[in-house]
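So the structure is just underneath, and the comments pick up after that.
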Number of protein chains: 2
Amino acid sequence: MSVVKKDVALRYGGSVLSLRKDDILFHEGDSANFFYQIEKGSVKMVTYSVDGKEFIQGLFYQGDCFGEPPLLAAFAYPGSSVTLTDSKILRIPKDRFFDLLKDNFDIHLQLDRILCERLRYKNMILSEISFYDPEHRIISLLNYLKSKAPASDQLFQVPLTRQQLADMSGMRVETVIRTIKRMEEAGKLQIQDHKIFI
Amino acid sequence: MSVVKKDVALRYGGSVLSLRKDDILFHEGDSANFFYQIEKGSVKMVTYSVDGKEFIQGLFYQGDCFGEPPLLAAFAYPGSSVTLTDSKILRIPKDRFFDLLKDNFDIHLQLDRILCERLRYKNMILSEISFYDPEHRIISLLNYLKSKAPASDQLFQVPLTRQQLADMSGMRVETVIRTIKRMEEAGKLQIQDHKIFI
DNA sequence: TCCCCTTTATGACTCAAATCATAAAAACAA
DNA sequence: TTGTTTTTATGATTTGAGTCATAAAGGGGA
C-alpha cells in the first residue's frame, strides 16, 4: 500500500519519472523540492565517507516514500538516493505536497507513522552498534527485516547481500560473512546456495 | 519555544506533572498513552544493554516534546525517559492529542519538522559511528550541539559530561576523555576547569 | 558458450578502542 | 566543614573487528 494514492497524487501535480538501475535521484547536499514515492522498483538512501565507504540509511520498495525529512524540515539532503533496480518514481512538487497534507489529515498522519517507524529503526540500529557484537547486530537486523516482511509460516529469505547487511549495520563484509557462517554452524540461521534464511 | 502552547494544551486535556531528578516517566516496553512536553527541566531518552551500558537516544530541554513516535505509530517505547533535573512535564492524553493535531495543521507540521530534525540527527550519528574515528565523531557531535544552541559570538560551552558524550556516540568514557584532551593539545577546542569550549 | 563482474569465502596480520585498575579533582549533600 | 559521590584523568593490557591479500563461486550479458 502506498502513502499517497496515484489519483490523489495526480490531482496535486504528481508526475512519474522512469529511472534505470543505479541512477541517482538526488545527491547529498541538494535541497529538497519534491515528495518522492516508489511506483515500481527500489531505492537506497546512502551516505558516503570521505574515503568512499557507504552507509545505507534506508532501503525503499514499491509503495514506499522516501526523502521527506529534508522536504518537511527544510535542510539539505543528508544522503543520496540511488535506484537498486529500474524504477518508476512518482513525485509531487513541494508546495502542492503541503497542500495535499493540509487537505488530507489521514495521509498526514500516515506520513507521521512512517517517520516514526523510521526513527524506531534507527534507535534499534544505534543501540545495537553501540552495545553489541556482530552476531547480535546481525540477528537484530535480520529479525527486523523479517518482521517488516509479510507474515508467513515459511522461512524468511533475506533479500540483501552480505555487503548490504554490512553497510546497514556499520561492519565490514568479511565480518558479516564470517559471522553468518558461524551462525549457520550454530544453527541460528540457514544458508542455501549462499542465500540466508531465518 | 514549545510545540504546543500551554493554553492550547489545557484546552485538549493537558495537565502538568512535577518530577524530581532521576525520576522515570516511562520505561522501555511501556505502551504510549500521552504526548509529553517539558515545561521546565530536562529529560534523557535512553536504552540500556543487557549488561547495563547506556545509550542516550536524545536529550530534551524546556519547550521540547519527546516520546511521540510510540504514540503516533503505536509501538512500545524503545527506551526509557529519565529526568536529568527536577522537572515539570506537560502531558496530553493520546486521543485528545490526535484531536489537537487534526484541528491545528500548523502544530501538526511543526511536529513533523521536529521528527525530521531528529531523523537528521540520527543519520549523522550513524554515519559518524560507522565511518570515523573518535576524534571525528566528537567534533561532529560537538558541532551539532553548537549549531542547535542560540547563536553567539562567544565560545560555546558544551553542557554535557564526557560520560554523556560517550553514551551519545557509542564510545567509552576513557576514550572520550583521552580524545578531548588530545584535541585540546592540538588546539581544536579549549578546556577550562574541565569544561569543554568550542 | 565464454567472459566479466559481483558476491561469497578464508587466512594472516594489525592496531586502535575497550577493558581493567587506580587515583585525583570537583561537585554536592549533610 | 566534612564526608560522599560523581566526574575527570592516566597507565597497562587485551582483544576482536578491520585490513589486506587472494581465490572460488555465481550471475548476467553478449
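Note on naming: letters A, B, ... go to the chains in the order of the sequence lines (proteins, then strands), and numbering restarts at 1 for each one.
Sequence order on DNA chain D of the closest nucleotides to A:R137 and A:D193 puts A:R137 first from the 5' end.
Rounded to whole angstrom, the span from the CD atom of B:E185 across to the C1' atom of D:dT10 amounts to 12 Å. Remark: P of D:dG11 and CD1 of B:I177 are 13 Å apart, rounded to the nearest angstrom. In this structure, the CG atom of A:D167 is 16 Å from the C1' atom of D:dA17, given to the nearest Å. A:I129 has its CD1 atom 10 Å from the P atom of D:dG18, to the nearest Å. In this structure, the CD atom of B:Q163 is 16 Å from the C1' atom of C:dA27, given to the nearest Å. Atom NE2 of B:H194 is separated from atom P of C:dA24 by 13 Å (rounded to the nearest Å). B:K21 places its NZ atom 14 Å from the P atom of D:dT5, with the value rounded to the nearest Å. When the P atom of D:dA17 is taken as reference, atom OH of A:Y132 falls 15 Å away, rounded to whole Å.
Scanning atom types as modelled, no donor and acceptor separated by under 3.5 angstrom connect the side chain of A:R178 and the base of D:dG16.
Two rings, from A:H136 and A:F131, have their centers 6.0 Å or more apart.
For the pair B:T161 (side chain) and B:Q164 (backbone), a donor-acceptor distance under 3.5 Å is present. Remark: side-chain polar atoms of B:E128 are not paired, donor with acceptor, to backbone N or O of B:L126 under 3.5 angstrom.
The side chain of B:T175 places an N or O atom within less than 4.0 Å of a non-bridging phosphate oxygen (OP1 or OP2) of C:dA18. In terms of phosphate contacts, A:K195 brings no side-chain nitrogen or oxygen within less than 4.0 Å of OP1 or OP2 of D:dA25. For the pair A:K181 and C:dT8, the criterion of a side-chain N or O lying under 4.0 Å from OP1 or OP2 is not met.
Of the listed nucleotides (D:dA17, C:dA17, D:dT19), C:dA17 has the atom at the smallest distance from the side chain of B:P134. Each of C:dA9, D:dA9, C:dT19 was ranked by its minimum atom distance to the side chain of A:R162; first place goes to C:dA9. Taking the side chain of A:M171 as heavy atoms from C-beta on, and the options D:dG18, D:dT7, C:dT8, the nearest nucleotide is D:dG18. Side-chain proximity of A:E174 to the nucleotides C:dA17, D:dA25, D:dC20 is greatest for D:dC20. Here the nucleotide nearest the side chain of B:R172, chosen from D:dT8, C:dA9, C:dA18, is C:dA18.
For B:K148, the salt bridge (Lys or Arg N to Asp or Glu O under 4.0 Å) criterion is met by B:E117, not counting sequence neighbours.
For the pair B:K6 and B:E39, the salt-bridge criterion is met [side-chain N within less than 4.0 Å of a carboxylate O].
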